[in-house]
Amino acid sequence: MKSITDIAIIGGGVIGLATGWQLARSGKKVTIFEKEEAGHGAGWASAGMLAPQTEAGYDQKELLELSLESLKKYPEFLKRLEEDSGIKVEAEKTGSLICALNRDDLERLQRFYDFRHQLEFPVQWLKGSEAVEKEPFLSPKVTAAVFVPDDWHLDSRMFITALKTAFTNKGGVIQEHAPVTEILLENKGRKISGIKILNQKTENEKEIQVDSIVLAAGAWSSQIKGIPEDFIPPIRPVKGMILNLKAESCQLTHVIRAAGVYLVPKRNGRLLVGATSEEKGYNLSANIGGIKDLLQNAFDIVPGITETSLEEIQLGLRPANRDHSPVLGPSPIQGLYYAAGHYRHGILLTPITALEVCHSILTGDTEKLKPFSITRFLSSVST
Ligand SMILES: Cc1cc2nc3c(=O)[nH]c(=O)nc-3n(C[C@H](O)[C@H](O)[C@H](O)COP(=O)(O)OP(=O)(O)OC[C@H]3O[C@@H](n4cnc5c(N)ncnc54)[C@H](O)[C@@H]3O)c2cc1C
């Protein structure tokens with residue numbers, strides 16, 4: 001078996017690229033193996049929202065803490081990224097307006113507000129007229145809204161391009177069209193020894209010896225052979241679709257959320273309208289019913305979208321674990337690490353994932369990642 005790298009990262013999505021960049025920055029010899037083109041996984045389809053306060057789930061305390069910490073790390077992370085890539089990725093703090101149009105929405109909005117108020121997030125309750133004053137493109141039918149001022153968003157494609165450039169500038173190697181088919185083990189399955197890669201042209205497989213592996217294969221992370229069943233992350237694909245509109249005539253200044261839809265304005269005159277959530281396996285086709293629902297819901301809240309044009313349909317598979325939180329850090333198999341299952345929050349969680357997974361590989365310190373260990377699924381089976 002040939003050795004060409006110290007660390008192999010399986011998957012060149014936003015998480016694999018960012019983790020690879022951090023490891024390469026620390027002087028490690030890293031190769032990312034990507035089954036298609038690096039950067040073009042779920043991250044390429046994403047809306048780029050960095051919104052832990054809005055996304056806070058009622059029973060996901062640890063995920064919320066991780067998300068808030070990741071957002072805090074963003075400014076420094078983007079500064080380093082610019083130094084290493086030459087690409088300036090700017091995150092915008094526009095805040096979000098969560099809007100209600102009817103009685104059901106209003107009840108949900110009240111619960112949304114109360115929970116965040118309890119957590120001492122600086123949320124503001126607005127009457128419909130106040131919301132329309134803040135964002136004149138909103139429908140006059142908006143009855144109330146909550147303003148979440150601390151939400152950010154960024155251009156996720158520019159972010160991913162910068163990560164790819166920074167990784168290679170720091171000496172990292174990307175092998176594209178090189179799917180990893182199997183993780184190889186030794187010492188009675190207690191330690192990794194290498195990986196098996198398929199050459200798509202010749203259909204031959206080759207084995208490569210490595211010291212460490214980071215599994216960052218997004219929605220496909222449960223599909224790679226060789227991992228003992230107990231340690232396969234229970235990840236499934238959840239398809240998401242976003243409509244990318246050319247919206248010069250409808251320039252929103254905040255992220256807008258309402259029942260079944262969000263609208264995210266981007267600097268280049270684009271407006272992202274998302275997103276569907278579909279449990280359809282690995283099928284990535286654009287479903288007409290989903291397009292209709294997104295447009296109808298968007299029109300109800302921002303009627304001016306009828307003046308926009310459809311530029312692109314963005315499709316991606318969110319990697320969802322059983323509990324919708326990621327699996328991060330070492331596995332019980334020596335040399336195998338996880339950075340997978342980020343579901344709806346992979347862009348938000350990129351800095352903390354890359355920094356902490358890198359830290360755990362270099363130092364063995366896994367304190368911060370403990371709540372996200374693969375072993376949490378083991379205990380739920382045995383109890
Ligand atoms: C419509 C939509 C909107 C979203 N909006 C947001 C948002 O606003 N904010 C936010 O924080 N998150 C958002 N997300 C979620 C975010 O995009 C994901 O959580 C994130 O992209 C996960 O990153 P990843 O690198 O794990 O997976 P991916 O980006 O999917 O990358 C995984 C990579 O692994 C490769 N791969 C798979 N199997 C193998 C193999 N065997 N060998 C080699 N390579 C392999 C794939 O080809 C792929 O390139 C959104 C997602 C979608 C779909």
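Note that this is a predicted model, so its numbers are computed, not measured. Both ligands and their constituent atoms are indexed starting at 1 by order of listing. What's counted below: heavy atoms across the whole structure, side chains too, no hydrogens, waters or symmetry copies. The first residue of the sequence shown is numbered 1, and numbering continues consecutively from there.
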Trainee: Salt bridge or not for Lys239 and Glu279, using N-O below 4.0 Å?
Mentor: no
Trainee: With heavy atoms only and a cut-off of under 4.0 Å, state how Trp220 meets ligand 1: side chain, backbone, both or neither.
Mentor: side chain
Trainee: So if I count the atoms of ligand 1 from 1 in the order they appear, which ones are less than 4.0 Å from some heavy atom of His342?
Mentor: 19 (O)
Trainee: List in chain and number order the residues that pass side-chain hydrogen bond (donor to acceptor under 3.5 Å, both in side chains) with Ser285, two or more places apart in sequence or in another chain; answer none if no residue qualifies.
Mentor: Asn283
Trainee: Is there a polar contact, in the sense of an N or O pair closer than 3.5 Å, between Ile10 and ligand 1?
Mentor: no
Trainee: For Glu83, I'd like to know if atom CD has over 12 heavy atoms of other residues, nucleotides or ligands within 6.0 Å.
Mentor: yes
Trainee: Is the closest basic N to carboxylate O distance between Arg108 and Asp105 below 4.0 Å?
Mentor: yes
Trainee: How far is atom 23 (O) of ligand 1 from the closest protein heavy atom, and which atom is that?
Mentor: Val14 CG1, 3.4 Å
Trainee: To the nearest 0.1 Å, how far is atom 48 (C) of ligand 1 from its closest protein heavy atom, and which atom is that?
Mentor: Glu34 OE1, 3.5 Å
Trainee: Taking distance alone, no hydrogens or angles, what donor-acceptor pairs closer than 3.5 Å link side-chain atoms of residues 132-140 to residues at least two apart or in another chain?
Mentor:
unit_1, atom_1, unit_2, atom_2, d
Glu135, OE1, Thr253, N, 2.9
Glu135, OE1, Thr253, OG1, 3.1
Glu135, OE1, His254, N, 3.0
Glu135, OE1, His254, ND1, 2.8
Glu135, OE2, Thr253, N, 3.4
Ser139, OG, Lys141, N, 2.9

Trainee: So is Gly346 polar-close to ligand 1, meaning N/O to N/O under 3.5 Å?
Mentor: yes
Trainee: Could you check whether any heavy atom of Ala219 sits closer than 4.0 Å to an atom of ligand 1, since that is the contact criterion I want to use?
Mentor: no
Trainee: With a 4.0 Å cut-off on heavy atoms, does Gly48 reach ligand 1?
Mentor: yes
Trainee: Contact between His40 and ligand 1, counting heavy atoms under 4.0 Å?
Mentor: no
Trainee: Is the closest basic N to carboxylate O distance between Asp150 and Lys93 below 4.0 Å?
Mentor: yes
Trainee: Relative to atom 30 (O) of ligand 1, which among Gly218, Gly11, Ala42 owns the nearest non-hydrogen atom?
Mentor: Ala42
